[in-house]
Structure formats: structure tokens, C-alpha cells
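Atoms considered below: every heavy atom in the structure, side chains included; atoms not considered: hydrogens, waters and symmetry mates.
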Amino acid sequence: MDTRRVIGDTSLTLIRGDITEQDTEAIVNAANSSLMGGGGVDGAIHRAGGPTILEECKSIVADMGSCLTGEAVITSGGDLAAKYVIHAVGPVWRGGNGGEAELLKNAYRNSLSVAASNAIRSVSFPSISTGAYHFPVTRAARIALNTVIEFIKEHPFDEVRFVLFSRDDLRTYAAVLADLQ
């Protein structure tokens, strides 16, 4: 049930899969502010990418401190097929009145800005903040897709891919994308 749309010069793709196995130039990690790995997508990327990613994250933290919610930083991809990992810190859902929507939008926008400033032409995103951080998937999908579409109209990529872990998440993202078109 993969879905593909062309937005300007960019292919926007929705697939079900494992973010650690993507062959895009960069993958986005749904990181925590410490950048030291954790559970879910974050832990999977650190495990699959090997120790190089953690060492680079430690250097970033030593230089700038923790990564704030809504911000993004870049490391190499270590042992991954992707050449780079963009670590984006999404918000923890606290009911929707704590600026979560804007922070999630910033996480996507800043990830794309980091990719563009590093001449990256293809990037894969997970569904940021919808796992352990409990952001409602439909709201997150609307924010993610709107933000990406808005960005790629001004700054095209070859491909932006959303890699959804579950069939339900893929269906939700596909329904939101159809609704936006």
C-alpha cells in the first residue's frame, strides 16, 4: 500500500518499513534531547548504525549541550545504508496546549533545513513523537505532511519518504495525504 505523490520536483513517498534499512542519503532519528540513544526509533538507529553515531552525538553535546525540542542536528550514518542521520527532537504530548504542534512542525522543518544545508537530496522520516512521546498519529501526520509539503515547494529534494512502522500508521498518513490533495 505504498503511496507516492509528486510535489513540484519532489517525490513524496509513504511506505511501511524499517527506518534503519532506508537507502536515502539521510534518515531522520526521532531523538531525545540527550542524543544518547533510547527506545523506539532512536534506539534502533543507534543499534543499527553502530558506535560511530553515538560518538558523534557525544561530540555535539560536548559542543552545544543537549538538543532542544524542535531542533535537529546531523551525524554520519555509521553502519547504516544512509550516509547521514539527522537527529530531530520531537515534543512529548501533554494534551495539546503546551505548544506541541509548533514544536513538532519545527522538528520537521529544521530536519529539512539541515538536509538542504548539507546538499542532501533524499531523506526518510519516521513518524516523530507518535511512539513513546504519545503524540496522536492523525494530528502528527497532518503536521508532518503539511510542513514537508510547504518546505519542498520552496526547497525541492529528489525524494522525501515517510517510513511508517505499522499498517495503521501508513493508512493514517495515506488518508491525511489524500485529504490534503
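- Residues Ser127 and Tyr173 bring a donor and an acceptor atom of their side chains to less than 3.5 Å of each other.
- Under the 4.0 Å criterion applied to side-chain N and carboxylate O atoms, Asp23 and Arg161 are assigned as salt-bridge partners.
- Just one residue in the list Leu104, Asn32, Ile128, Thr69 forms a side chain to side chain contact (heavy atoms under 4.5 Å, CB included) with Tyr133, and that residue is Asn32.
- Side chain to side chain, Arg4 and Ser11 meet the donor-acceptor criterion of an N or O pair below 3.5 Å.
- Listed by first and then second residue, the side chain to side chain donor-acceptor pair (under 3.5 Å) pairs involving residues 51-63 are Glu56-Ser76 (not counting sequence neighbours).
- Looking at Ile27 and Phe125, their side chains never come closer than 4.5 Å, going by heavy atoms from C-beta outward.
- Thr3 OG1 to Leu164 CG: the interatomic distance, rounded to the nearest 0.5 Å, is 9.5 Å.
- Using a 4.0 Å cut-off between charged nitrogen and carboxylate oxygen, Asp179 and Arg142 count as a salt-bridge pair.
- Side-chain contact between Val114 and Ile74 is present, with at least one heavy-atom pair separated by less than 4.5 Å.
- Residues that satisfy the side chain to side chain donor-acceptor pair (under 3.5 Å) test with Thr20, not counting sequence neighbours, are Asp18.
- Glu100 contributes a side-chain N or O that, together with a main-chain N or O of Gly98, makes up a donor-acceptor pair within less than 3.5 Å.
- No donor-acceptor contact under 3.5 angstrom links the side chains of Glu159 and Thr24, judged on distance only.
- Listed by chain and residue number, Lys105, Asn106, Arg109 satisfy the side-chain contact (heavy atoms from CB on, under 4.5 Å) test with Glu102 (two or more places apart in sequence, or in another chain).
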